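First the structure, then my questions, so here it is.
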Amino acid sequence: MLNASAAGRSGSAALSILFWVIIGGLTVLISLLTVFVTIVVGWADRTRRLAHRLCTLWGQAIFACIPSWQVTVIGRDRLPSSSPVIFVS
């Protein structure tokens, strides 16, 4: 018979496995979709905005999988709107 802590660990392991399966599935799906879109409409989308949008959607979907994660942006109004910006955390 399992005690409570062993049952909690197995539930936690199952949740972790489910999470990684979802992340892996989303990554493969979005990657294939991005390659397909780039090949099909690459001639019309020279700046690859659609591919970038798909990758952004991937990041948002992964972030939504973890409800305890939060993002707080302070000073967004000070970012230059005319040039690209790289964020490092």
Side-chain angles (χ1 to χ4, degrees):
M1 186 174 266
L2 293 173
N3 60 19
S5 64
R9 281 192 302 259
S10 65
S12 174
L15 187 61
S16 180
I17 290 169
L18 176 65
F19 174 73
W20 284 109
V21 167
I22 290 171
I23 285 181
L26 277 172
T27 301
V28 169
L29 178 70
I30 297 293
S31 296
L32 292 174
L33 188 60
T34 301
V35 169
F36 176 76
V37 163
T38 301
I39 290 170
V40 172
V41 296
W43 58 272
D45 187 16
R46 299 270 183 214
T47 60
R48 305 290 190 257
R49 287 187 180 269
L50 187 55
H52 181 267
R53 183 65 191 135
L54 286 170
C55 293
T56 302
L57 178 68
W58 170 82
Q60 290 172 345
I62 299 287
F63 197 82
C65 288
I66 311 288
S68 61
W69 285 0
Q70 291 180 322
V71 172
T72 303
V73 179
I74 299 171
R76 186 175 180 182
D77 55 327
R78 290 186 265 166
L79 291 174
S81 61
S82 61
S83 64
V85 179
I86 297 175
F87 295 97
V88 178
S89 70

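One-based numbering along the sequence shown. These numbers come from a predicted model, not from an experiment.
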Legend entry - Fellow cluster residues of I74, listed by chain then number, with links counted only when side-chain atoms sit under 4.5 Å apart: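 None, because no other hydrophobic side chain comes under 4.5 Å of this residue.
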
Legend entry - Under the side chain to side chain contact (heavy atoms under 4.5 Å, CB included) test, residues paired with R49 that sit two or more places apart: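 Expected list: D45, T47.
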
Please list every donor-acceptor pair under 3.5 Å in which a side-chain atom of residues 13-20 meets a protein atom from a residue at least two apart or in another chain.
none

Legend entry - Pairing residues for V28 by the side chain to side chain contact (heavy atoms under 4.5 Å, CB included) criterion, not counting sequence neighbours: L32

Legend entry - ILVMFWY cluster membership beyond V35 - transitive side-chain contacts under 4.5 angstrom: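 Besides V35, the cluster holds I39.
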
For residues 78-85, which side-chain donor-acceptor pairs fall under 3.5 Å, sequence neighbours excluded?
none

Legend entry - side chain to side chain donor-acceptor pair (under 3.5 Å): pairs with one or both residues in residues 21-34, sequence neighbours excluded: T27-W58

Legend entry - By side chain to side chain contact (heavy atoms under 4.5 Å, CB included) - contacts of V37 (at least two apart):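 V37 satisfies side chain to side chain contact (heavy atoms under 4.5 Å, CB included) with L33, V41, L50, L54 once adjacent residues are dropped.
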
Inset, instruction - Could you grab the distance from atom CD1 of I62 to atom CD1 of I23, nearest 0.5 Å is fine? - result: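 Nearest 0.5 Å value for the CD1-CD1 distance: 4.5 Å.
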
Legend entry - By ring-ring contact (aromatic ring centres under 6.0 Å, His included) - contacts of F63 (at least two apart):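 F63 satisfies ring-ring contact (aromatic ring centres under 6.0 Å, His included) with W69 once adjacent residues are dropped.
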
Legend entry - Hydrophobic cluster of I86, others only, ordered by chain and residue number, side-chain cut-off 4.5 Å: V88

Legend entry - Sequence neighbours excluded - ring pair (Phe, Tyr, Trp, His ring centres under 6.0 Å) pairs with any residue from residues 34-53: none

Legend entry - Donor-acceptor contact present, side-chain R48 to main-chain G42, <3.5 Å: yes

Legend entry - Q70 CD: over 12 foreign heavy atoms closer than 6.0 Å: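 At most 12 heavy atoms, drawn from other residues, nucleotides or ligands, come within 6.0 Å of this atom.
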
